[in-house]
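Before any comments, here is the structure.
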Amino acid sequence: MKLKENTSPTENEQEKTVSLNDNTDECMEMDCSCCHQKATPRQEKEVKQLKNRLNRIMGQLNGIGRMLDENRYCGDILIQVAAVESALQSFGYLILQEHMETCIVEEIGKGNLDVIEEAVELVKKLK
């Protein structure tokens, strides 16, 4: 919900609540206009692969933290930072590819050409 600066929410906005499922953080209200959370169904295998990638990246980040604790050489730390950035970039490109192959194609098929601008903005953010 977006509010204009220096204004308080109306009574209706204050009373409006959204039920969230604790396991998935998905909005349980049909046609929810209070949030813009979209969902992309993924196969269990795909989710597992993506989470494994993220876990590896988090492991690399934890390793950098240990390197700092051990007062390791700056150059060695920077090499690890570059590796994490590269891994995260690759992860982002996988998500972007999936988005373009599924969500974007689906919306264009429905005649929603505004989604092309969204895709361009996402590509700009990932570069």
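Note: hydrogens, waters and symmetry copies are ignored here, and every other heavy atom, side chains too, is used. No experiment lies behind these values; they were computed from the predicted model shown.
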* **Pairs involving residues 63-86, ordered by first then second residue, that meet salt bridge (charged side-chain N to carboxylate O under 4.0 Å, His left out) (sequence neighbours left out)** => E70-R72
Please table the atom pairs, donor to acceptor, closer than 3.5 Å between any side-chain atom in residues 45-55 and protein atoms at least two apart or in another chain.
residue	atom	partner	partner atom	Å
N52	ND2	K48	O	3.4
N55	ND2	K51	O	3.3

* **salt bridge (Lys or Arg N to Asp or Glu O under 4.0 Å) involving K110 - partner list, sequence neighbours excluded** => E106, E107
* Asked: If Ile, Leu, Val, Met, Phe, Trp and Tyr residues are connected whenever their side-chain heavy atoms lie under 4.5 Å apart, and connections chain through other members, are V115 and V123 in the same group?
  -> yes
Listed pairs under 3.5 Å, donor-acceptor, residues 87-103 side chains, sequence neighbours left out:
residue	atom	partner	partner atom	Å
Q89	NE2	Y93	OH	2.6
Q89	NE2	L126	O	2.4
S90	OG	S86	O	3.2
Q97	NE2	E101	OE2	3.0
E98	OE1	R42	NE	3.1
E98	OE2	R42	NE	3.1
H99	NE2	E118	OE2	3.1
T102	OG1	E98	O	2.6

* To do: Check salt bridge (Lys or Arg N to Asp or Glu O under 4.0 Å) between R56 and all other residues, then give those that pass, not counting sequence neighbours.
  => none
* **Cluster link V84 to Y73, ILVMFWY, side chain under 4.5 Å** => no
* To do: Identify, with sequence neighbours excluded, every residue that meets salt bridge (Lys or Arg N to Asp or Glu O under 4.0 Å) alongside E121.
  => K124
* Would you say L68 and M58 are hydrophobically clustered, going by side-chain heavy atoms of ILVMFWY under 4.5 Å? -> no
* To do: Look at the side-chain heavy atoms of Ile, Leu, Val, Met, Phe, Trp and Tyr, link any pair under 4.5 Å apart, and say whether V105 and V120 land in one connected group.
  => no
* Is I79 linked to I64 within one hydrophobic cluster, defined over Ile, Leu, Val, Met, Phe, Trp and Tyr using a side-chain heavy-atom separation of less than 4.5 Å? -> no
